[in-house]
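Below is one structure; the comments refer to it alone.
Scope of the values below: all heavy atoms of this structure, side chains included, with no hydrogens, waters or symmetry mates. None of the values given here were measured: they were computed from a predicted structure.
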Amino acid sequence: MRIQHLVGTRRRLFLQTIELIPGGAGVAVTRDNVLRYRHLVCDYWLNRRIRAQCEAFMRGLRDLVRPEWIRAFTPLELQTLLAGANKLIDLEDLRANCKYSGGYTDEHPSIMLFWEVGPCLIVICPLE
């Protein structure tokens, strides 16, 4: 079996072959270049394949937050700001500090349902 410097990816209903390096279809993976091949495959799946989505996300983020402000944070701090802390939410504290507007009150049916279901969601989807 011959492995080449290619990856296959599905674009809608079609299988597309991508060369990892120029002329990759004609370059066999050998013991001498297998490590480079593995790095190229990882680079494709983790970087190149999602480049357009990452660029779109960054354009949107820059519309909301000045780039110099973003650079003030470490990657871990930025992850926490975007995704939240990796810990359980204190629902009692959240409820005690909620300020409703737009016609919503603590007695609104949607709000009451949220507070009824909230604790169940934490049990169903525990943090790792």
Side-chain angles (χ1 to χ4, degrees):
M1 182 167 104
R2 179 182 161 143
I3 300 174
Q4 300 152 315
H5 281 72
L6 303 168
V7 292
T9 183
R10 189 169 297 282
R11 298 280 181 190
R12 296 199 174 126
L13 299 176
F14 303 99
L15 184 62
Q16 182 180 14
T17 302
I18 309 285
E19 289 188 330
L20 297 173
I21 57 173
V27 179
V29 176
T30 65
R31 285 184 184 170
D32 294 332
N33 66 15
V34 70
L35 186 59
R36 179 174 184 231
Y37 170 75
R38 289 173 55 192
H39 286 190
L40 290 166
V41 169
C42 290
D43 178 60
Y44 174 77
W45 288 106
L46 299 174
N47 298 309
R48 290 171 43 190
R49 186 167 186 262
I50 61 169
R51 179 171 287 133
Q53 292 89 340
C54 290
E55 288 172 354
F57 173 81
M58 288 305 297
R59 278 193 307 276
L61 183 60
R62 283 191 291 266
D63 285 348
L64 300 172
V65 182
R66 287 193 211 163
E68 57 268 17
W69 292 356
I70 297 170
R71 286 190 286 273
F73 298 100
T74 67
L76 183 58
E77 290 169 333
L78 191 57
Q79 177 183 337
T80 302
L81 286 171
L82 293 174
N86 192 17
K87 64 180 186 175
L88 292 177
I89 297 170
D90 183 343
L91 289 176
E92 290 178 22
D93 181 58
L94 179 62
R95 188 171 191 173
N97 291 287
C98 272
K99 306 283 187 247
Y100 302 106
S101 64
Y104 290 97
T105 67
D106 202 39
E107 286 79 35
H108 188 280
S110 296
I111 301 299
M112 292 173 65
L113 182 60
F114 173 81
W115 293 120
E116 182 180 329
V117 172
C120 299
L121 295 176
I122 291 175
V123 172
I124 293 170
C125 303
L127 297 172
E128 294 178 11

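Residues L81 and L76 fall into different hydrophobic clusters, defined by Ile, Leu, Val, Met, Phe, Trp and Tyr side chains chained together at heavy-atom separations under 4.5 Å. Hydrophobic cluster membership differs between I50 and I18, with clusters built from Ile, Leu, Val, Met, Phe, Trp and Tyr side chains linked at under 4.5 angstrom. When the side chains of ILVMFWY residues are joined at heavy-atom separations under 4.5 Å, either directly or via intervening members, L35 and V27 end up in two distinct hydrophobic clusters.
Of all heavy-atom pairs spanning D93 and D90, the tightest one is N-OD1, 3.1 Å. Closest approach of P67 and R62 over heavy atoms only: CG-CD, 3.6 Å. The minimum heavy-atom distance linking L91 with W115 is given by the pair O-CZ3, 3.8 Å. Residues E19 and A25 share a closest heavy-atom pair of OE2-N, 3.2 Å. Minimum interatomic distance between T105 and Y100 (heavy atoms only, all atoms of both residues): C-CD1, 4.0 Å. Heavy-atom minimum distance, E107 versus M112: O-SD, 3.2 Å.
The one candidate from L20, V29, L46 that meets the side chain to side chain contact (heavy atoms under 4.5 Å, CB included) condition with V41 is L20.
At most 12 heavy atoms of other shown residues, nucleotides or ligands fall within 6.0 angstrom of atom CD in E92.
Between R36 and L40 the shortest side-chain heavy-atom distance falls below 4.5 Å. You'll find the side chain of C42 stays beyond 4.5 Å of the side chain of R38, heavy atoms only. Looking only at side-chain heavy atoms (C-beta outward), L82 and F57 come within less than 4.5 Å of each other.
No donor-acceptor distance shorter than 3.5 angstrom exists from the side chain of R95 to the backbone of D106, with no hydrogens or angles considered.
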